[in-house]
Each structure stands twice: as structure tokens, then as C-alpha cells.
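Here's the structure, in C-alpha cells; my notes come after.
Below, all heavy atoms of this structure are taken into account, side chains as well, without hydrogens, waters or symmetry copies. First listed ligand is number 1; within each ligand, the first listed atom is number 1. The model shown is predicted, which means the values in this text are computed figures rather than measured ones.
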Amino acid sequence: MSSAMLNAVDTFGEHFVDASELLGRYEATEQEAADTVRLLGLGPSDTVVEAGCGPGRFAQALASHGCRVIGVDISPQVVALARQRHPGPDYRVLDMADLPPGCADALVNVYSSFGYSATPEEDAEVLRAWWSALRPGGRLLLELSDLERAKARLGEEGGTVHRETNGVREELRMDWQQQMLHVTYRIGDRRLDCRTRIYSRGQLVEGLRAAGFTEVDCFGGFDGREKTPEDRLVLVARR
Ligand SMILES: C[S@@+](CC[C@H](N)C(=O)[O-])C[C@H]1O[C@@H](n2cnc3c(N)ncnc32)[C@H](O)[C@@H]1O
């Protein structure tokens with residue numbers, strides 16, 4: 001089952017990666033990967049799939065811990081970027097809803113790489129595909145911005161939030177009824193628009209359980225700390 005998408009297929013290419021770098025979003029990559037290895041108990045015999053791997057920075061950091069990493073992304077442009085910038089892991093152009101059954105001991109999906117299907121039902125299909133991609137006993141780590149964090153950062157009144165950091169101008173607008181975040185990034189005269197469906201912690205836990213996962217734990221970081229409203233949400237689930 002391939003999912004229809006909220007954004008054009010190559011939305012998260014070079015411009016998005018440049019903006020993320022300038023915004024400092026990749027600075028904790030090495031630490032987050034080390035924490036992921038601990039949190040999921042990954043070892044050298046484990047095959048880890050990163051679903052929505054983008055430029056491969058997290059896949060390569062995980063691979064430096066000795067596990068076999070396969071980075072999967074729907075965008076041919078993004079996969080070309082990953083092969084060029086972070087060689088080491090295997091990379092495949094593939095919809096994360098089409099992962100082969102039983103292909104992984106662990107699956108990671110980080111930096112808000114979930115919530116991009118055309119409908120919530122198709123997002124739920126993605127969770128089911130992840131469950132079946134894992135071998136029995138396999139672990140999932142999902143790290144993303146949740147509804148609680150969106151409320152803490154953007155306020156519930158509506159309206160657009162403008163920010164400028166290191167030459168990147170961001171415009172963020174949340175449609176609370178649709179649970180849809182619209183973000184525009186501008187660097188000089190380059191502009192990128194993207195949409196992400198934002199879920200609450202409860203909706204995600206329920207979705208993971210409905211997909212078949214057991215033992216779903218929630219944290220406020222890769223280090224396993226308790227979540228505050230401003231923290232991104234880290235979910236760890238077991239098949
Ligand atoms: C916000 S970016 C994050 C990239 C990467 N996880 C990182 O941490 O740098 C989201 C990525 O998910 C990918 N993506 C979105 N929907 C996908 C799908 N259905 N299957 C595979 N990749 C997808 C996008 O192409 C993009 O590279």
C-alpha cells in the first residue's frame with residue numbers, strides 16, 4: 001500500500017536540509033543516536049531501518065555504533081543527498097508504508113517524519129506497516145512534535161508565528177481543527193512550504209496499540225526523561 005502524500009515528494013530536499021542545519025536542528029544528532037542505541041538496546045547483529053531518513057545524518061550516526069542501518073525515504077532527491085553526504089548505511093527510495101514484512105529488528109522515525117499521508121487513516125496504515133516490518137520482539141522509536149508542544153509553542157489562539165534564526169525566516173500556522181501545521185521556511189529568496197499532521201500523545205499511543213504494538217512508553221527526549229509540554233515526544237513501542 002503506497003500512501004498519498006500531504007506534500008510534494010521532494011519537499012524535504014536540499015532547501016529543507018539547509019534550513020534545518022542553519023536552525024541547529026542537527027546539532028544533537030550524535031548524542032540522540034547514542035541514546036537511541038541505549039533506549040532500544042541495539043547491538044551489532046541488529047538491522048535497523050530508519051523510515052523517512054532524509055539526508056542520512058541520523059542513519060549514519062546509528063551505523064557508527066555497529067548496527068546495520070537501512071535508510072528509507074520516498075524522495076529520490078533526498079536519497080541522492082543521503083548517499084552523497086552520509087555514505088555508509090544502505091539507502092533505498094521507498095514509501096515507508098511499503099516496507100517488506102519482517103525486514104527489521106528495530107525501526108526509527110525521527111525529527112517529525114510521521115504525519116505526511118493524505119489522511120489520518122493512511123497514517124494509521126503506516127503504523128500497521130511498521131508493525132509488520134518488525135520481527136517479533138522488534139522495537140520502534142518514534143520522535144516527533146506533538147499537539148501539546150504545538151500548543152506550548154504557538155498558543156491556541158490561532159494566528160501566524162514569525163521567527164528568524166541564523167538567516168532562516170520561519171512562518172508557522174496551526175489549524176487546530178484539522179490538527180495541521182503549516183510551515184514556510186525562507187532563506188534569502190528561496191521558499192519552502194510544508195504541512196504536517198500533528199497528533200496528541202493519546203492519539204499516537206492508541207494508534208500504535210491498534211497497529212499491534214505492546215508496551216508503548218512515552219518520553220520527553222532520547223535520553224528517556226519525562227516529557228514537559230515544550231519537549232518533543234519520544235515513543236518507544238515493542239512488537
Ligand atoms: C522532516 S524530514 C526528516 C528527515 C530525517 N528523519 C532527519 O531526521 O533528518 C521527513 C522525511 O520523511 C520523508 N517521508 C515523508 N513521507 C514519507 C513516506 N511515506 N515514506 C518514506 N519517506 C517519507 C521525507 O521525504 C523527508 O525526507
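For ligand 1 and G54, the ligand atoms under 4.0 Å from any heavy atom of the residue are 4 (C), 5 (C), 27 (O). Near D95, the atoms of ligand 1 lying under 4.0 angstrom from a non-hydrogen atom of the residue are 18 (C), 19 (N), 20 (N). Near F12, with a cut-off below 4.0 Å to any heavy atom, the atoms of ligand 1 are 1 (C), 2 (S), 24 (C), 26 (C), 27 (O). The distance from ligand 1 to the heavy atoms of V78 drops below 4.0 Å at these ligand atoms: 27 (O). Close contacts of ligand 1 with S112, meaning ligand atoms under 4.0 Å from a residue heavy atom, involve 1 (C). Interface of F16 with ligand 1, defined as ligand atoms under 4.0 Å from a residue heavy atom, comprises 1 (C), 2 (S).
Evaluated by nearest non-hydrogen atom to atom 8 (O) of ligand 1, the leading choice among R57, H86, E143 is R57.
Every N/O-N/O distance between Y26 and ligand 1 stays at or above 3.5 Å. Ligand 1 has an N or O atom lying under 3.5 Å from an N or O atom of E50, backbone or side chain. Of the N or O atoms in V9, none lie within a sub-3.5 Å distance of an N or O in ligand 1. Of the polar atoms of M5, none of the N or O atoms is found under 3.5 Å from an N or O of ligand 1, judged by distance alone. Taking only nitrogen or oxygen atoms, main chain and side chain alike, G52 reaches within less than 3.5 Å of ligand 1. For ligand 1, the polar-atom distance check against S113 finds a nitrogen or oxygen pair separated by under 3.5 Å.
Of all the heavy atoms of S20, none lies under 4.0 Å from any atom of ligand 1, so neither backbone nor side chain is involved. Contact annotation: for L94 versus ligand 1, heavy atoms closer than 4.0 Å belong to the backbone alone. If you look at P55 next to ligand 1, the close heavy atoms, those under 4.0 Å, all belong to the side chain. Heavy atoms from both the backbone and the side chain of I74 come within less than 4.0 Å of ligand 1. Under 4.0 angstrom from ligand 1, there are no non-hydrogen atoms of F58.
Atoms CE and SG, from M96 and C53 in turn, are 9.0 Å apart once rounded to the nearest 0.5 Å. Within the model, atoms CE of M174 and OG1 of T160 stand 13.0 Å from one another, a figure rounded to the nearest 0.5 Å.
Between L40 and V48, every side-chain heavy-atom pair lies at or beyond the 4.5 Å cut-off. The closest side-chain heavy-atom distance from F58 to V69 is not below 4.5 Å. Put simply, the side chain of Y111 reaches to within 4.5 Å of the side chain of R232, judged on heavy atoms.
A salt bridge is absent between E171 and R191: the closest approach of a Lys/Arg side-chain nitrogen to an acidic carboxylate oxygen does not fall below 4.0 angstrom. Taking a cutoff of 4.0 Å between a charged side-chain nitrogen and a carboxylate oxygen, E125 and R128 qualify as a salt bridge. Ion pairing of D146 with R149 is absent here, as no side-chain N (NZ or NE/NH1/NH2) approaches a carboxylate O to less than 4.0 Å.
Around atom CD of E226, no more than 12 heavy atoms belonging to other residues, nucleotides or ligands sit under 6.0 Å away.
Judged purely by atom type and a 3.5 angstrom limit, N7 has no side-chain atom pairing as donor or acceptor with the backbone of C194.
Of the candidates H162, R186, R163, R163 is the only one forming a side chain to side chain donor-acceptor pair (under 3.5 Å) with E170.
In this structure, F12 has its ring center under 6.0 Å from that of Y116.
Look at R25 and you'll find every heavy atom at least 4.0 Å from all atoms of ligand 1.
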